[in-house]
Amino acid sequence: MSDTTAAGLLLRLSGPLQSWGERSHFNERDTARFPTRSGVIGLLAAALGRRRGADIDDLARLSLTVRADRPGVLLRDLHTVGGGLPAKATVTTAEGKKRSGDTTTLLTHRTYLADAAFTIALTAAPGDSGLLTRTATALSSPQWPPYLGRRSCPPEGPLLLGRFDDALHHLVRLPISAPRPQHGPHSIEFLSDHPLDRLPAPDSTSPPGAETGSHPSGEVNDQPLNFHPRQRAYRARPLYRRALQLPADQFTGLGTDHLNSLAAYLREHLNHPERNHR
């Protein structure tokens, strides 16, 4: 982003379970510890009604910044597939044959994030305002149901929080879906595909000596090129991290307490660009 002010959408990704595949392979299905670009762009494509294999170049231009309100805990689940079925109904092999005997039942391990909550900003270049409008409309009335990485992980509560002229400003200041810390400010992690040293945050929120997020902390292979089932392709992109110590009164708890605080914030700031920096 060439400017500290960027128009964008704010989304809330919260639910009992989430799973953002990172290196999933055959019977081992893992999850990243935060929403991936491929997972979020897939969610947007589903809301827009795009079929797998459809062009996603426009969605891939959106920048993603994640605020980890509650990182959640890892939960590993065991699934069995194909057991107790007649031969013609068992799992098909790579050669197109059917499994038989003691190979009919397959064991798979799937990892989820339990009790996690994230707030994300999807920001666009100035010339992409139409894309933000189309995406916001689709998220308000999705063509296909959205899910948090896997179909078995539906979101709870509001998904689209709204469109803002300065999305990153509000990403820092929105109520946080987590219990209030008992001893002053508490560190919240931000992750992005762009440098975070220009994140619009008060100087008082940066812990002394903490990384500013101006340089990548590593790479993740989650930039989607194609979602076609037989031609899925991704490329690596840089991952930037930054921790901010946000005030204790910004943590508004769970359930209705948080939702009421969130609604009050949105009533004050949504669709009021002149209030963006209050």
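Looking at residues two or more places apart in sequence or on another chain, you find no ring pair (Phe, Tyr, Trp, His ring centres under 6.0 Å) involving H258. For the side chain to side chain contact (heavy atoms under 4.5 Å, CB included) test, no residue two or more places apart in sequence or in another chain qualifies with P145. For D69, the side chain to side chain donor-acceptor pair (under 3.5 Å) partners two or more places apart in sequence, or in a different chain, are R67, T119. Every residue two or more places apart in sequence or in another chain that forms a side chain to side chain donor-acceptor pair (under 3.5 Å) with S214 is listed here: T212. For Y265, the side chain to side chain donor-acceptor pair (under 3.5 Å) criterion is met by H170, not counting sequence neighbours. Remark: R237 engages D222 in a salt bridge (Lys or Arg N to Asp or Glu O under 4.0 Å) (not counting sequence neighbours). Every residue two or more places apart in sequence or in another chain was checked for a ring pair (Phe, Tyr, Trp, His ring centres under 6.0 Å) with F227, and none qualifies. Listed by chain and residue number, R70 satisfy the salt bridge (Lys or Arg N to Asp or Glu O under 4.0 Å) test with D115 (two or more places apart in sequence, or in another chain).
Using a 4.5 Å cut-off on side-chain heavy atoms (C-beta onward), L262 and L174 make contact. Between P247 and R180 the shortest side-chain heavy-atom distance does not fall below 4.5 Å. With a 4.5 Å cut-off on side-chain heavy atoms, V66 and S192 do not count as touching. Residues R12 and L259 are in side-chain contact: their nearest non-hydrogen atoms beyond the backbone lie under 4.5 Å apart. The shortest side-chain heavy-atom distance between W20 and L148 falls under the 4.5 Å cut-off. Contact check for R241 versus L196: no side-chain heavy atoms found under the 4.5 Å cut-off. Side-chain contact between F190 and L199 is present, with at least one heavy-atom pair separated by less than 4.5 Å. Considering only heavy atoms from C-beta on, T123 stays 4.5 Å or farther from H194 through its side chain.
The closest donor-acceptor contact from the side chain of T252 to the backbone of A178 lies at 3.5 Å or more, if one exists at all. A donor-acceptor distance shorter than 3.5 angstrom exists from the side chain of T205 to the backbone of P202, with no hydrogens or angles considered. One N or O on the side chain of N260 and one on the backbone of T256 form a donor-acceptor pair closer than 3.5 Å. Remark: the backbone N or O of T137 is not paired with any side-chain donor or acceptor of S141 at under 3.5 angstrom.
Taking all atoms of both residues into account, the shortest heavy-atom contact from L160 to S140 is CD2-OG, 3.4 Å. Of all the heavy atoms in P155 and P146, the pair that sits closest is CD-O, 3.4 Å.
The stretch residues 40-52 participates, sequence neighbours left out, in these salt bridge (charged side-chain N to carboxylate O under 4.0 Å, His left out) pairs: R50-D58. The side chain to side chain donor-acceptor pair (under 3.5 Å) analysis of residues 34-44, with sequence neighbours excluded, yields the pairs T36-S38, R37-D193, R37-Q223. Residues in residues 126-135 take part in these side chain to side chain donor-acceptor pair (under 3.5 Å) pairs, two or more places apart or across chains: R61-D128, T133-R163.
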Run L239 and E219 through side-chain contact (heavy atoms from CB on, under 4.5 Å) and show every step you take.
CA-CA 5 Å; L239 175 67; E219 285 189 340; over 6 Å; no

Checklist line | Worked verdict on L62 versus L44 for side-chain contact (heavy atoms from CB on, under 4.5 Å) | finding: CA-CA 11 Å; L62 294 172; L44 302 180; 3.9 Å; yes

*Should R242 and S206 be marked as a side-chain contact (heavy atoms from CB on, under 4.5 Å) after you check the CA-CA gap, both sets of side-chain angles, and the distance that decides it?*
CA-CA 9 Å; R242 185 180 180 185; S206 296; 2.8 Å; yes

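Cluster annotation: L11 and L266 are assigned to distinct hydrophobic clusters (Ile/Leu/Val/Met/Phe/Trp/Tyr, side-chain heavy-atom contacts under 4.5 Å, transitive). In this structure, L139 is not a member of the same hydrophobic cluster as F164, with clusters built from ILVMFWY side-chain heavy atoms closer than 4.5 Å. Cluster membership check: L10 shares its hydrophobic cluster with I176, using side-chain heavy-atom separations under 4.5 Å among Ile, Leu, Val, Met, Phe, Trp and Tyr. Residue L64 is not grouped with residue L171 when hydrophobic side chains (ILVMFWY) are merged at heavy-atom distances under 4.5 angstrom, including chains of intermediate members. Under a hydrophobic-cluster definition in which Ile, Leu, Val, Met, Phe, Trp and Tyr are linked whenever side-chain heavy atoms come within less than 4.5 Å, directly or via other members, L9 and F118 are assigned to the same cluster.
Cluster note: L17 groups with L75, Y112 through ILVMFWY side-chain heavy atoms spaced under 4.5 Å, whether in direct contact or through intervening members.
Taken from CD1 in I56 to CG in N226, the straight-line distance is 6.5 Å, to the nearest 0.5 Å. Rounded to the nearest 0.5 Å, atoms CG (L122) and CG (L132) are 8.0 Å apart. The OG atom of S187 sits 8.0 Å away from atom CG of L244, with the distance rounded to the nearest 0.5 Å. Within the model, atoms CG of L48 and CG of L59 stand 6.0 Å from one another, a figure rounded to the nearest 0.5 Å. Rounding to the nearest 0.5 Å gives a distance of 11.5 Å between CG of L113 and CG of L13. In this structure, CD on Q18 lies 11.5 Å from CZ on R150, to the nearest 0.5 angstrom.
A ring-centre distance under 6.0 Å is found for H186 and F251.
Side-chain polar atoms of E156 and S14 form a donor-acceptor pair below 3.5 angstrom.
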